[in-house]
Amino acid sequence: MLMSILKEIKKKTNLNTALQYELESLPEIGTTLARRIINNRPYQSIYDLKKVKGIGDGTIKLLKNEVSVE
């Protein structure tokens, strides 16, 4: 129960403003993908990540509850 509460409290990572180390803390995102995400900004939707080389539907599915584009 505590874990579910903590997940709700955790703020989503904004793809448009996150620093590289913040992006690297996301599932499946390492140094190279974090840099590519930064270089392809801005994002209107999480699905815009498809334009980033190395990110496909599987990664987007993992990230959809972790990130925002506010």
Side-chain angles (χ1 to χ4, degrees):
M1 180 164 178
L2 178 59
M3 291 304 288
S4 63
I5 293 170
L6 290 175
K7 275 189 168 183
E8 289 180 32
I9 293 172
K10 182 185 174 202
K11 188 173 180 177
K12 292 184 176 188
T13 301
N14 186 328
L15 293 173
N16 290 317
T17 61
L19 300 174
Q20 183 164 339
Y21 79 90
E22 293 172 304
L23 294 169
E24 290 174 5
S25 72
L26 296 168
E28 303 294 317
I29 305 299
T31 304
T32 301
L33 284 179
R35 176 58 41 205
R36 289 178 185 164
I37 290 169
I38 290 168
N39 289 338
N40 281 284
R41 288 176 177 165
Y43 299 97
Q44 299 294 319
S45 161
I46 183 174
Y47 298 101
D48 289 345
L49 284 174
K50 287 184 180 185
K51 68 183 176 182
V52 177
K53 182 181 177 186
I55 297 182
D57 292 332
T59 303
I60 290 173
K61 186 176 180 179
L62 287 173
L63 295 176
K64 71 179 181 180
N65 294 318
E66 304 283 329
V67 298
S68 70
V69 292
E70 297 170 4

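These numbers were taken from a predicted model, which means no experiment stands behind them.
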Students should find that the hydrophobic cluster of L62, defined by side-chain heavy atoms under 4.5 Å apart, otherwise consists of none
Sequence-distant partners of [X], side-chain contact (heavy atoms from CB on, under 4.5 Å), two or more places apart:
| X | value |
| --- | --- |
| K64 | I46 |
| N40 | R36, Y43, K51, V52 |
| E70 | N14, S68 |

Who pairs with D57 by side-chain hydrogen bond (donor to acceptor under 3.5 Å, both in side chains), at least two apart in sequence or on another chain?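 Here the qualifying residues are K50.
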Interatomic distance, [X] atom [atom1] to [Y] atom [atom2] [nearest 0.5 angstrom]:
| X | Y | atom1 | atom2 | answer |
| --- | --- | --- | --- | --- |
| E66 | L63 | CD | CG | 7.0 Å |
| I38 | L33 | CD1 | CG | 11.0 Å |
| L15 | I37 | CG | CD1 | 6.0 Å |

Side-chain atoms of residues 23-31: list all donor-acceptor pairs with protein atoms under 3.5 Å, sequence neighbours left out, distances to 0.1 Å.
residue: E24; atom: OE2; partner: Q20; partner atom: NE2; Å: 2.8
residue: E24; atom: OE2; partner: T31; partner atom: OG1; Å: 3.4
residue: S25; atom: OG; partner: E22; partner atom: O; Å: 2.6

Smallest separation among heavy atoms of A18 and T13, with atom names: CB-CG2, 3.5 Å
